[in-house]
Amino acid sequence: MTHTDYEETLTSLGIRVTANRILVMKAFAKMNGAFSLLDMAGVLPTMDNSSLFRTLTLFAEKGLLHLIDDGSGIQKYCVCHCSDHHHHHGHVHLTCIVCHHTYCLESVEIPEVPIPEGFQVREAEYIIKGICPDCAKRKR
């Protein structure tokens, strides 16, 4: 993506364009899978954590990122690859029990779960815990 592409994305979502927001977008565009605030702080050491947290929170609220609760106690973020940024994120995540990295499995949809009458589902998360291919290779 070009600098102009980042600006257009922010503007289309009603987000004011700032240098820090462009930096954060460029950084998470290079991330492989889910990332935490600490992961992002490691990539952007010159940005203070409170500004970084506010930016990630804003991006999640606007649908540019989605939040993942992988059971680690640390909030994770994943880039939303949907064109409208306003939908239900119905895919599975896998958290590696060896390296603790969380992967978005975009091609694996959350299976339909029968919900009793009267309940209304607003969100669904599906976390699988296992071993990623890299860690599986190292164990051999």
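When a residue number appears, it is its place in the shown sequence, counting from 1. Every heavy atom of this structure was used, including side-chain atoms; hydrogens, water molecules and symmetry mates were not.
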Exercise for review: Verify, without hydrogens or angle tests, whether S51 (side chain) and M47 (backbone) share a donor-acceptor contact under 3.5 angstrom.
Suggested key: no
Practice item. Answer yes or no: is the gap between the SG atoms of C104 and C78 smaller than 2.5 Å? Key: yes
Exercise for review: Could you label the plane-to-plane angle of the H93 and H66 rings as parallel, tilted or perpendicular, counting under 30° as parallel and over 60° as perpendicular?
Suggested key: tilted
Check your understanding: Roughly how far apart are L10 CG and D5 CG, rounded to 0.5 Å?
Key -> 11.0 Å
Point to revise | Side-chain donor/acceptor of Q75 to backbone N/O of I68, under 3.5 Å | key: yes
Check your understanding: Can you name the side chain to side chain donor-acceptor pair (under 3.5 Å) partners of D70, sequence neighbours left out?
Key -> S72, K76, T102
Check your understanding: What closest approach, in Å, do I15 and F59 show between heavy atoms, and which atom pair accounts for it?
Key -> CD1-CD2, 3.9 Å
Point to revise | Any side-chain heavy-atom pair of T95 and I128 under 4.5 Å | key: no
Practice item. Can you sort out the partners of H100 under side chain to side chain donor-acceptor pair (under 3.5 Å), two or more places apart, ordered by chain and number? Key: none
Exercise for review: Rounded to the nearest 0.5 Å, what's the gap from CG on L64 to OH on Y6? Could you check?
Suggested key: 10.5 Å
**Study point:** Criterion side chain to side chain contact (heavy atoms under 4.5 Å, CB included) against R21, the qualifying member of R16, R54, E7
**Key:** R16
**Study point:** Partners meeting side-chain contact (heavy atoms from CB on, under 4.5 Å) with L105 (sequence neighbours left out)
**Key:** V92, L94, Y103, V108
Review point. What pairs with S50 under side chain to side chain donor-acceptor pair (under 3.5 Å), at least two apart in sequence or on another chain?
Key: D48
Practice item. Check the pair H3 / K26 against side chain to side chain contact (heavy atoms under 4.5 Å, CB included), numbers first and verdict last. Key: CA-CA 9 Å; H3 189 84; K26 287 180 178 179; 3.8 Å; yes
Practice item. Using side-chain contact (heavy atoms from CB on, under 4.5 Å) as the criterion, list what pairs up with D69, not counting sequence neighbours. Key: E125
Point to revise | Within 6.0 Å of OH in Y126, more than 12 heavy atoms from elsewhere | key: no
Check your understanding: Can you list the residues that meet the side chain to side chain donor-acceptor pair (under 3.5 Å) rule with T55, with sequence neighbours excluded?
Key -> none
